[in-house]
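Just below is one structure, and these are the notes that go with it.
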Amino acid sequence: MRLMMQAATQQLYSNLLRLVPDDADPTDEALERRDRGAVSLEQVLWFVAVGVSVAVVAAILWTQIIDTANETDNIDQPVAP
């Protein structure tokens, strides 16, 4: 949610910059030279950390599912009356 709010804030700021003319250079080149909010190293590291943690949790759950499916002692064998 925090990331979505930050992205929305950056989009709003970008649109406001387009509305307000640049006093020094009012041409379109001034807009192209401005920083468009590049992704920071911190954001990249957070995305990598989230991806790794999701992969680890998925691997743990998948291992438990496979181990449970391969167990034969938890199956009730039918018995003749």
Side-chain angles (χ1 to χ4, degrees):
M1 185 69 177
R2 179 178 166 256
L3 185 61
M4 289 177 56
M5 290 298 296
Q6 186 178 5
T9 303
Q10 289 178 358
Q11 286 295 323
L12 179 63
Y13 180 71
S14 173
N15 290 334
L16 288 175
L17 282 178
R18 291 176 193 264
L19 293 176
V20 177
D22 190 1
D23 293 334
D25 188 12
T27 63
D28 289 335
E29 294 175 20
L31 292 175
E32 292 176 6
R33 284 184 283 149
R34 286 189 179 142
D35 184 13
R36 296 185 180 182
V39 177
S40 69
L41 179 61
E42 181 184 11
Q43 289 173 330
V44 171
L45 292 177
W46 273 108
F47 282 122
V48 168
V50 168
V52 168
S53 63
V54 167
V56 167
V57 169
I60 292 170
L61 289 175
W62 186 251
T63 303
Q64 288 181 349
I65 290 169
I66 293 299
D67 290 345
T68 303
N70 288 335
E71 289 178 1
T72 57
D73 59 342
N74 60 356
I75 299 175
D76 294 332
Q77 298 291 331
V79 180

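The model shown is predicted, which means the values in this text are computed figures rather than measured ones.
- Take Val54 and apply the side chain to side chain contact (heavy atoms under 4.5 Å, CB included) test, not counting sequence neighbours, and it matches Val50.
- By the side chain to side chain contact (heavy atoms under 4.5 Å, CB included) test, Val79 is found to be paired with no residue, residues two or more places apart in sequence or in another chain being considered.
- Applying the side chain to side chain contact (heavy atoms under 4.5 Å, CB included) rule to Leu61 yields the partners Val57, Gln64; only residues at least two apart in sequence or on another chain are considered.
- Follow the hydrophobic side-chain contacts under 4.5 Å out from Val48 and you never reach Leu3; the two are in separate clusters.
- In terms of the side chain to side chain contact (heavy atoms under 4.5 Å, CB included) criterion, residue partners of Ile66 (sequence neighbours excluded) are, by chain and number, Trp62, Asn70.
- Grouped with Met5 in a hydrophobic cluster is no other residue, since no side-chain heavy-atom contact under 4.5 Å to another Ile, Leu, Val, Met, Phe, Trp or Tyr is found.
- Tyr13 and Met4 sit in two unconnected hydrophobic clusters of ILVMFWY residues. Membership requires side-chain heavy atoms under 4.5 Å apart, directly or through other members.
- Remark: Glu71 CD is packed, more than 12 non-hydrogen atoms of other residues, nucleotides or ligands lying under 6.0 Å away.
- Grouped with Trp46 in a hydrophobic cluster is no other residue, since no side-chain heavy-atom contact under 4.5 Å to another Ile, Leu, Val, Met, Phe, Trp or Tyr is found.
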